[in-house]
There are 2 protein chains.
Amino acid sequence: MADSARVADVSLTHIQSFVAVAEECNVGRAARRLHLTQPPLSRHIQALEDELGARLFERTRGGMRLLPAGEAFLRHARRILAEVDAAVLTVRDVAGSRAGG
Amino acid sequence: MADSARVADVSLTHIQSFVAVAEECNVGRAARRLHLTQPPLSRHIQALEDELGARLFERTRGGMRLLPAGEAFLRHARRILAEVDAAVLTVRDVAGSRAGG
DNA sequence: GCGTCCAATGCTGTTTCGGTATGGCCGACA
DNA sequence: TGTCGGCCATACCGAAACAGCATTGGACGC
């Protein structure tokens, strides 16, 4: 259909979850960092992998290790989050400067 | 705390909704384009404005017109969506080339 | 074998979300 | 002036999504 490669069902929440897990190499720790529990975070990763159609982590005995696809995604993920942050700040700045003076 | 300006509750869905409305200058039309109905889309915009703490559109008699804050956000929004698209494609490419050969 | 550490899964209560129906506003037109 | 049509916002409700708890299952160390 004409919807092309639509942004799919990837959500910012899933992306944040992914980055946290990638950095901690451990779902439980990442969960705490996100003020979440392990099961939903585990499902976030699964949902993301499912949506992307690619496995992002290797489940090892000790935790989670990034696969090549995961490393590629991580670079984009960080940029996306940074861009969202920038967008929020920009808007608040523009609106603030108009409202404030 | 260190969560600072965290990506907040802005969601990709809201961003997509915003872009559609910005381009159509009309909630109903944008809704159809997104395979949605007008009320939820109207709520997306409100939620986004609420989250950002800034009004993005001026509600005029004929529809929606971007305010300065909205124009600023639109530029970021397009970049975010493009970045997400790129991320998805990259991952599928990396995973595909490894799986396929 | 037993205890430990990890991620995954089953289940459930709550929250979120989209759709329908409706309201309020304003201009066009007769 | 009264009606019609187009617009966005709100009220309400049923369905889907989500987080948390409890538990399972796999792998290592002792």
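Please read all numbers here as calculations on a predicted model, not as lab measurements. The sequence lines fix the lettering, A, B, ..., with proteins before strands; numbering per chain opens at 1.
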When rounded to the nearest 0.5 angstrom, what distance separates CD in E51(A) from CG in L48(A)? 8.0 Å

Students should find that the end-to-end axis angle of the helix from dG1(C)-dC30(D) to dA30(C)-dT1(D), with five pairs defining each axis and rounding to 10 degrees, is 10°

Looking only at heavy atoms, the pair that brings A20(B) and L34(B) closest together is CB-CD1, 3.8 Å

Residues in side chain to side chain donor-acceptor pair (under 3.5 Å) with R59(B), at least two apart? E49(B)

For residues 37-47 of chain A, pull every pair meeting side-chain hydrogen bond (donor to acceptor under 3.5 Å, both in side chains), keeping only residues two or more places apart or in separate chains. S17(A)-H44(A)

Using the closest heavy atom to pick a nucleotide of DNA chain D for each, name whichever of G28(B) or T37(A) lands nearer the 5' end. G28(B)

So CG of L89(B) and CG of D93(B): to nearest 0.5 Å the spacing works out to 8.5 Å

Proximity to DNA chain D (any heavy atom under 4.0 Å), residues of residues 62-74 of chain A only: none

Linking I/L/V/M/F/W/Y whenever their side-chain heavy atoms sit closer than 4.5 Å, directly or via other members, would V94(A) and F57(B) fall into one cluster? no

Run I45(B) and L56(B) through side-chain contact (heavy atoms from CB on, under 4.5 Å) and show every step you take. CA-CA 8 Å; I45(B) 302 301; L56(B) 301 174; 5.7 Å; no

Between the protein and nucleotides 26-30 of chain C, which nitrogen or oxygen pairs are less than 3.5 angstrom apart?
none

Rounded to whole Å, please give me the gap between CD in Q38(B) and C1' in dG19(C). 11 Å

Nucleotide interval of DNA chain D bounded by contacts with chain B (heavy-atom cut-off, under 4.0 Å): dC7(D) to dC12(D)

Residues passing the side chain to side chain donor-acceptor pair (under 3.5 Å) test with R32(A), sequence neighbours excluded, are none

Check each residue of residues 41-56 of chain A for a non-hydrogen atom within less than 4.0 Å of any atom in DNA chain D, then write out the ones that pass by number, or none. R43(A), H44(A)

Quick check on contacts: within residues 17-27 of chain A, what sits under 4.0 Å from DNA chain D by heavy-atom distance? none

Determine whether V19(B) and V88(B) fall in the same hydrophobic cluster, where Ile, Leu, Val, Met, Phe, Trp and Tyr are linked whenever their side-chain heavy atoms lie under 4.5 Å apart. yes

N/O donor-acceptor pairs under 3.5 Å from side chains in residues 72-80 of chain A, not counting sequence neighbours:
unit_1, atom_1, unit_2, atom_2, d
H76(A), ND1, E83(B), OE2, 2.9
H76(A), NE2, T90(B), OG1, 3.1
R78(A), NH2, E23(A), OE2, 3.0

Holding to side-chain contact (heavy atoms from CB on, under 4.5 Å), I want the full list of residues that pass it with L67(B), two or more places apart in sequence or in another chain. R55(B), E58(B)

All heavy atoms of V91(B) vs all of A54(A), minimum pair found to be CG1-CB, 3.7 Å

Please find the pair of heavy atoms, one from L41(A) and one from V27(A), that lie closest to each other, and give the distance. CD2-O, 3.4 Å

What is the distance, rounded to the nearest whole Å, between atom CZ of F57(A) and atom C1' of dA7(C)? 12 Å

